[in-house]
Asks: 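Take a look at the following structure, please.
Throughout, residue positions are numbered sequentially from 1 according to the sequence presented.
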Amino acid sequence: MRGNFRRNSRMLRRGGAGPILMGGRPMHHMSGYKPRPHILRMPFDMFVSESFYPRLKPQPDDKDLTQALLKRHAELVPPTNEQTSIQCLLLKVQGILEGLTVAPGSFEACQLEEVRIVGSFKKGTMVCGHNVADLVVILKTLPTHEAIRALGAKILEEVQKQQAQLSHELEITDRGFNILSVTPPENTKAVIRVLITTIGRNFRLISSSMHLDMKYLQSHLAAVRHSRWFEENVNHTSVKVLIRLLRDMRTRIKGLEPLSPWMIDLLAHFSVLNTPNRQALPVNLAFRRVIQLLSAGFFLPGSCGILDPCEVGAIRVHMVMTMEQEDLLCRTAQNLLRILSHGGYNAILCLDQKNVDPTAELSVWNSIVVTPQDSVYDSTLYDRKTGEEPEDEEVEEEAATNEKEADSAI
């Protein structure tokens, strides 16, 4: 009884689930205890709170940072030959797939419902050196491995008929298949990733041994929704510029790897367009805002973050990350903010040609030493929902200890 009283009183002090009887049943109605609601909070954002915190000094001149951002962006834009090669191949593959959708003829391996272009090529955010375009094919029939191989072989055959002067290859993947081509004389490589999914009523019939993995099928349908939302809501050039810059940083800075392409799209859109006066921020201020938000805990547990506009319910995009990844992302952004504040933007943008992670080791910027921060996350002392100690585990451990003590006393 003494052990139960100590457990119940501690849970009341910490705002836990309330006192528990020896049988494990809650007695909220007996104690009058009301569980504390879990409230998500918005981290501090200077661009939203500027009216409450007026500047004592004028806005610093960001001309150098703006020029550096635009210079790096110009380096990331794919050259004309890459864009031409990928567009030609994409139109060929799309035309063949749409032809099979309308008039399959003798092709009976599967039936096609819809073909949609998705990904960075569709959004206009493709990065130099990543000459890849994505197509989602929605099947009426079940996505068996045999049907996907047959569809890939059919596409390869038709593409080779139309572009006999080029060399093409078929590559079967876990998500569908790829069509690769090499265009002379620069030997420009282009890749069309065909991502396979199926209509909704087929999902209950999916078997892991015969069909594509369920998580891939769902993610490909989500890619269609993401592409449609992007097309309807993102028209500002600064958003696309910022997306390219963030994707480039993600490939070089390890702490930014937890950011998915969809998170980057929404984060860039939020940073540029979510302002009190509904006026878009210039790219230099939006770039600073992204790093400031992440360093303030925008994607940490307990933060409201960004609601996924393509999902039903209050789904926040950062909740797909583990807490270790959220901690890594936050402390990396804090290191980047300190480097940026002391003029180290060339290293962040890789304009110094060193191609190293500036947050990986100690560095000096204008006589200021920036030391990488250590992890603060401890899985034994944190609860995902409340940000407090995991009381249930502690209660179980203490109960087990009390039982051992009672047994030894007997």
Asks: Just to verify, which of Leu340, Asp62, Val272, Val241 counts as forming a side chain to side chain contact (heavy atoms under 4.5 Å, CB included) with Phe287?
Replies: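 The residue from Leu340, Asp62, Val272, Val241 that satisfies side chain to side chain contact (heavy atoms under 4.5 Å, CB included) with Phe287 turns out to be Leu340.
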
Asks: Judged by atom type as modelled, is there a donor-acceptor pair below 3.5 Å linking the side chain of His73 to the main-chain atoms of Leu69?
Replies: no

Asks: Could you tell me whether Glu311 and Arg225 have a side-chain N and a carboxylate O separated by less than 4.0 Å?
Replies: yes

Asks: Taking all heavy atoms of Asp327 and all of Ser375, pick out the closest pair and write down the distance.
Replies: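 Minimum heavy-atom contact is OD2-OG, 2.6 Å.
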
Asks: Just one of Thr198, Leu100, Leu112 clears the side chain to side chain contact (heavy atoms under 4.5 Å, CB included) bar with Val137, so which one?
Replies: Leu112

Asks: Looking only at heavy atoms, what is the nearest atom pair of Leu242 and Ala286, with distance?
Replies: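 Closest heavy-atom pair between Leu242 and Ala286: CD2-CB, 3.9 Å.
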
Asks: Look at the side chain of His168 and the backbone N and O of Leu180, then say whether any donor-acceptor pair between them is shorter than 3.5 Å.
Replies: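 No; judged by distance alone, with no hydrogens or angles, the pair does not exist.
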
Asks: Does Gln67 reach the main-chain N or O of Asp64 with its side chain, forming a donor-acceptor pair under 3.5 Å?
Replies: no

Asks: Between Thr101 and Leu97 (side chain of the first, backbone of the second, donor and acceptor by atom type, cut-off under 3.5 Å), is there such a pair?
Replies: yes

Asks: Measure the shortest side-chain to side-chain distance between Arg116 and Arg228 over non-hydrogen atoms and say whether it is less than 4.5 angstrom.
Replies: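 Side chain of Arg116 against side chain of Arg228, heavy atoms only: contact under 4.5 Å found.
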
Asks: Got Pro276 and Phe47 here, is their nearest side-chain heavy-atom distance under 4.5 Å?
Replies: no

Asks: What distance separates Phe203 CZ from His211 NE2, expressed to the nearest 0.5 Å?
Replies: 12.0 Å

Asks: Do Arg72 and Leu245 have side-chain heavy atoms sitting under 4.5 Å apart?
Replies: yes

Asks: For Met42, does the CE atom sit with more than 12 other heavy atoms under 6.0 Å from it, leaving out its own atoms?
Replies: yes

Asks: Could you walk me through whether Asp265 and Arg247 pass the salt bridge (charged side-chain N to carboxylate O under 4.0 Å, His left out) test, one step at a time?
Replies: CA-CA 9 Å; Asp265 292 345; Arg247 288 187 178 181; 3.3 Å; yes

Asks: Please report the interatomic distance CG(Leu336) to CD1(Ile253), rounded to the nearest 0.5 Å.
Replies: 4.5 Å

Asks: If you compare all heavy atoms of Phe107 against all heavy atoms of Leu151, which two are closest, and at what distance to 0.1 Å?
Replies: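 That would be CZ-CA, 3.7 Å.
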
Asks: Can you tell if the side chain of Asn131 reaches within under 4.5 Å of the side chain of Ser85, non-hydrogen atoms only?
Replies: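 When only atoms from C-beta onward are counted, Ser85 and Asn131 do touch, with a gap below 4.5 Å.
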
Asks: Are side-chain heavy atoms of Pro301 and Glu326 found at a separation under 4.5 Å?
Replies: yes

Asks: Show your working on side chain to side chain donor-acceptor pair (under 3.5 Å) between Gln162 and Glu158 and close with a plain yes or no.
Replies: CA-CA 6 Å; Gln162 299 182 21; Glu158 295 296 328; 4.9 Å; no

Asks: Please check if the side chain of Arg316 supplies one atom and the backbone of Cys304 the other of a donor-acceptor pair under 3.5 Å.
Replies: yes

Asks: Determine whether a donor-acceptor pair (N or O, by modelled atom type, separation under 3.5 Å) exists between the side chain of Ser49 and the backbone of Phe52.
Replies: no

Asks: CG/Asp248 to CD1/Ile348 distance, rounded to the nearest 0.5 angstrom?
Replies: 12.0 Å

Asks: Donor-acceptor pair, distance only, cut-off 3.5 Å: does the side chain of Gln83 make one with the backbone of Pro78?
Replies: yes

Asks: Would Arg193 and Leu135 count as a side chain to side chain contact (heavy atoms under 4.5 Å, CB included) if you check the C-alpha gap in whole Å, the side-chain angles of each, and the deciding distance to 0.1 Å?
Replies: CA-CA 6 Å; Arg193 290 193 302 194; Leu135 276 171; over 6 Å; no

Asks: Let me see the working for Gln334 and Thr359 under side chain to side chain contact (heavy atoms under 4.5 Å, CB included), right down to the final yes or no.
Replies: CA-CA 9 Å; Gln334 291 174 354; Thr359 65; over 6 Å; no

Asks: Which atoms form the tightest heavy-atom contact between Asn355 and Asp352, and what is the distance?
Replies: N-OD1, 4.4 Å

Asks: For Met126 and Val132, work out which heavy atoms get closest and say how close.
Replies: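 It is SD-O, 3.7 Å.
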
Asks: So, does Ser227 use its side chain to make a donor-acceptor pair with the main chain of Val224 at under 3.5 Å?
Replies: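 Judged by distance alone, no pair lies under 3.5 Å.
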
Asks: When rounded to the nearest 0.5 angstrom, what is the spacing between CD in Glu231 and CG in Asn233?
Replies: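 Result: 10.5 Å between the selected atoms.
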
Asks: Let me confirm one number: the CG-CZ distance from Leu281 to Arg289, rounded to the nearest 0.5 Å.
Replies: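 One finds 6.0 Å between CG of Leu281 and CZ of Arg289.
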
Asks: Side-chain contact, heavy-atom cut-off 4.5 Å: Met263 with Met321?
Replies: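 Yes. Closest side-chain heavy atoms under 4.5 Å.
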
Asks: Does the side chain to side chain contact (heavy atoms under 4.5 Å, CB included) test come out yes or no for Ile339 and Trp365, once each step is laid out?
Replies: CA-CA 7 Å; Ile339 294 172; Trp365 309 96; 3.6 Å; yes

Asks: Measure the shortest side-chain to side-chain distance between Thr197 and Ser219 over non-hydrogen atoms and say whether it is less than 4.5 angstrom.
Replies: no

Asks: Flag the pair Phe270 / Phe298 as yes when their ring centroid distance falls below 6.0 Å, and as no otherwise.
Replies: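 Distance test on ring centres: under 6.0 Å, yes.
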
Asks: Charged N to carboxylate O under 4.0 angstrom, Lys122 versus Asp134?
Replies: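 Looking at Lys122 and Asp134, the cut-off is not met.
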
Asks: Ion pair present between Arg55 and Glu50, side-chain N to carboxylate O less than 4.0 angstrom?
Replies: yes

Asks: Name the orientation class of the two ring planes belonging to Trp262 and His226 (parallel below 30°, tilted from 30 to 60°, perpendicular beyond 60°).
Replies: parallel

Asks: Which heavy atom of Ser303 sits nearest a heavy atom of Leu40, and at what distance?
Replies: O-CD2, 3.9 Å

Asks: Return the CG to CG distance between Leu293 and Leu267, rounded to the nearest 0.5 Å.
Replies: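 Answer for the CG-CG pair, Leu293 versus Leu267, is 7.0 Å.
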
Asks: Ignoring hydrogens and geometry, is there a side-chain-to-backbone donor-acceptor pair from Arg338 to Ala333 under 3.5 Å?
Replies: no

Asks: So does Glu108 have more than 12 non-hydrogen atoms from other groups sitting under 6.0 Å from CD?
Replies: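 Count not over threshold, so no.
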
Asks: Using the rule given for side chain to side chain contact (heavy atoms under 4.5 Å, CB included), can you reason through Lys92 versus Gln87, listing the C-alpha separation, both sets of side-chain angles and the distance that settles it, and then say yes or no?
Replies: CA-CA 9 Å; Lys92 297 291 184 184; Gln87 186 172 14; over 6 Å; no

Asks: I want to check something: taking the side chain as every heavy atom from C-beta on, are Leu156 and Phe177 in contact at a cut-off of under 4.5 Å?
Replies: no

Asks: Do other residues, nucleotides or ligands put more than 12 heavy atoms under 6.0 Å from Arg278 CZ?
Replies: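 No.
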
Asks: Under 3.5 Å, is there a donor-acceptor pair between the side chain of Asn81 and the main chain of Thr188?
Replies: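 No, the answer is negative, given that no donor and acceptor are paired below the 3.5 Å cut-off.
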
Asks: Between Asp357 and Arg252, is a salt bridge (charged side-chain N to carboxylate O under 4.0 Å, His left out) present by the stated rule, with each step listed?
Replies: CA-CA 6 Å; Asp357 184 353; Arg252 293 180 289 103; over 6 Å; no

